[in-house]
Amino acid sequence: QHTRFGIGGPARWFFDIDREASFVEAVRTLIDAAIPFVLLGGGSNLIVSDTGIEGVVLRFTGARLEIEERRLTAEAGAVLQDVVDASIQAGLAGLHTMTGIPGWLGGAVYGNAGAYG
């Protein structure tokens, strides 16, 4: 239920975290405790095994979006189309080419979305 295609097995533990400091603290805690974990974004480019994920799944859902003068700042959990729409509304050029690409901003940056045309 957390991927675009809605297929795959469950996670043993699944946590949504919307604050950057809390997310970083959770990751550090899991590393220190040697607990296996996976970081998840919007799940638009992900297929999970039917056996699921045995460890912890952390999903950063922070979606704050701000525009100050000619600067747009957005958190990784922002829906990419919302970021595109905000940039267009603010008269900022460049992100309009990302229209229609599904997913969240963090995954788009990580996956280099839109790089091939």
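The chain is numbered in sequence order, starting from 1.
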Is there a chain of hydrophobic side chains (I, L, V, M, F, W, Y, each step under 4.5 Å between heavy atoms) that links Leu105 to Leu65? yes
> Taking a hydrophobic cluster as the set of Ile, Leu, Val, Met, Phe, Trp and Tyr residues connected by side-chain heavy atoms closer than 4.5 Å, whether directly or through intermediates, do Val109 and Phe60 fall within one such cluster?
Replying inline: no
Would you say Arg4 and Leu46 make side-chain contact, with heavy atoms under 4.5 Å? no
**Report entry** Side chain to side chain, Leu58 and Val56, heavy atoms closer than 4.5 Å
**Finding:** yes
Residue pairs meeting ring-ring contact (aromatic ring centres under 6.0 Å, His included), one or both in residues 64-115, sequence neighbours left out, come to none
If you look only at distance, which donor and acceptor atoms sit under 3.5 Å apart when one is on a side chain in residues 19-44 and the other is two or more places apart or in another chain?
{"from": "Thr29", "atom 1": "OG1", "to": "Glu25", "atom 2": "O", "distance (Å)": "2.8"}

Apart from Phe5 itself, members of its ILVMFWY cluster (side-chain separation under 4.5 Å) are Ile7, Ile47
Can you list, pair by pair, the side-chain donor-acceptor contacts under 3.5 Å of residues 72-80, counting residues two or more places apart and other chains?
{"from": "Glu75", "atom 1": "OE1", "to": "Ala63", "atom 2": "N", "distance (Å)": "3.2"}
{"from": "Glu75", "atom 1": "OE1", "to": "Arg64", "atom 2": "N", "distance (Å)": "3.0"}

Residue pairs passing the salt bridge (charged side-chain N to carboxylate O under 4.0 Å, His left out) test with at least one member in residues 45-56, sequence neighbours excluded, are Arg12-Glu54
Can you give the donor-acceptor pairs under 3.5 Å from side chains of residues 84-91 to other protein atoms, not counting sequence neighbours?
{"from": "Asp85", "atom 1": "OD1", "to": "Gln81", "atom 2": "NE2", "distance (Å)": "2.8"}
{"from": "Ser87", "atom 1": "OG", "to": "Val84", "atom 2": "O", "distance (Å)": "2.7"}

Sequence neighbours excluded, the answer for side-chain contact (heavy atoms from CB on, under 4.5 Å) partners of Asp16 is Phe14, Arg59, Thr61
Taken in chain and number order and not counting sequence neighbours, the residues that satisfy side-chain contact (heavy atoms from CB on, under 4.5 Å) with Pro10 are none
Gly9 and Val48 have their tightest heavy-atom pair at O-CG1, 3.9 Å
